[in-house]
Amino acid sequence: MMRVRTASAAETRELGKAIEPLLGPGDVLLLSGDLGAGKTTFLQGLGAALGVAARITSPTFTLAHTYEGRLRVHHLDLYRLRSPDELLDLDLADLLGDEESIVVVEWEELLAGDLPPDFLRIRLELGTEDDAPETRWLGFEAFGPSWTRRFPRLLSLLRRPARD
Ligand code: ADP
Ligand code: MG
């Protein structure tokens, strides 16, 4: 587990950009953290590095949105999930099992245990009262052989975030 502090939305986007070289088809990123913690902001940085031209936002009426870039990105935001049945309507298993795309899930807590064998978990937290107001903490944790193997490279990318 690696924790990184950012001081602004721009810095959180930089972290999203920084990890892009590690990503390949079939990768799953599971993001957790409260509303406003910066999950979508992180994905915006990653999307920019992947060459996604569309503006990445939190889907308002749909739980999933697909973006085209160097790799296709399925963006799931489960915040508005009303019942586990909606995960079936979403064909969640098909999305998570799409070996040709990257899958990024916001509010992964709501996946209710249906986790893929390999994933990178990113927990975003607001800073405490001791931190500056725009502080966010991002915790990165690898699960499964593929992400465990890449974790040392992830650490070095996070220590030297890409700059514009
Ligand atoms: P989430 O998707 O987790 O609900 P968003 O990324 O949509 O969160 O929103 C995060 C909000 O917090 C944005 O308005 C962003 O500008 C602001 N913000 C302030 N500081 C940071 C930071 N360090 N990292 C990310 N976002 C930040
Ligand atoms: Mg969001």
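All ligand and atom numbering here is 1-based and tracks the order in the structure. Residue numbers start at 1 and run along the sequence shown. Basis for what follows: all heavy atoms, side chains included, without hydrogens, waters or symmetry-related copies.
Nearest-heavy-atom check against atom 15 (C) of ligand 1 across A9, S58, G127 picks out A9.
There is no side-chain donor-acceptor pair under 3.5 Å between T41 and T12.
When only interatomic distances are considered, the shortest N/O to N/O separation between T12 and ligand 1 falls below 3.5 Å. At least one N or O atom of S8, backbone or side chain, sits closer than 3.5 Å to an N or O atom of ligand 1. Inclusion of L35 in the set of residues having an N or O under 3.5 Å from an N or O of ligand 1 is not warranted. For ligand 1, none of its N or O atoms has an N or O atom of G33 under 3.5 Å away. Ligand 1 has a nitrogen or oxygen under 3.5 angstrom from a nitrogen or oxygen of G36.
With the Mg ion (ligand 2) as the vertex, atom OG of S58 and atom OG1 of T40 span an angle of 70° (nearest 10 degrees).
Listed by atom number, the atoms of ligand 1 under 4.0 Å from E106 heavy atoms are 2 (O). Here is the list of ligand 1 atoms found below 4.0 Å of a heavy atom in T6: 22 (C), 23 (N), 24 (N). Of all the atoms in ligand 1, the ones that sit under 4.0 Å from a non-hydrogen atom of K39 are 1 (P), 2 (O), 3 (O), 4 (O), 6 (O), 8 (O). Near D34, the atoms of ligand 1 lying under 4.0 angstrom from a non-hydrogen atom of the residue are 3 (O).
There is a protein heavy atom closer than 4.0 angstrom to atom 8 (O) of ligand 1.
Ion pair R72/E68 flagged as a salt bridge, since at least one NZ, NE, NH1 or NH2 atom sits closer than 4.0 Å to an Asp/Glu carboxylate oxygen. Salt bridge R5/E11: absent, no basic N to carboxylate O contact under 4.0 Å. One finds a salt bridge joining E108 and R121 here, because a Lys/Arg side-chain nitrogen approaches an Asp/Glu carboxylate oxygen to under 4.0 Å. Salt-bridge check for R123 with E109: failed, with every basic side-chain N at 4.0 Å or more from each acidic carboxylate O.
Between the side chain of T135 and the backbone N or O of A132 there is at least one donor-acceptor pair closer than 3.5 Å. Put simply, the side chain of D77 never gets that close to the backbone of S58: no donor and acceptor are under 3.5 Å apart.
One distance of note links CG of L90 with CG of L63; it measures 5.5 Å at 0.5 Å rounding. For the atom pair CG of L124 and CZ of F42, the computed distance is 7.5 Å after rounding to the nearest 0.5 Å.
Among the atoms of Y79, no N, O or S atom is found under 2.8 Å from the Mg ion (ligand 2).
Between L92 and L76 the shortest side-chain heavy-atom distance falls below 4.5 Å.
What you find for T40 and I56 is that their closest heavy atoms are CG2-O, 4.1 Å.
Counting protein heavy atoms only, atom 5 (P) of ligand 1 is closest to T41 OG1, 3.7 Å. Nearest non-hydrogen protein atom to atom 20 (N) of ligand 1 is E134 O, 3.2 Å. Remark: minimum distance from atom 17 (C) of ligand 1 to any protein heavy atom is reached at R136 NH2, 3.7 Å.
Distances from the Mg ion (ligand 2) to each N, O or S atom of E106 single out OE1 as the nearest.
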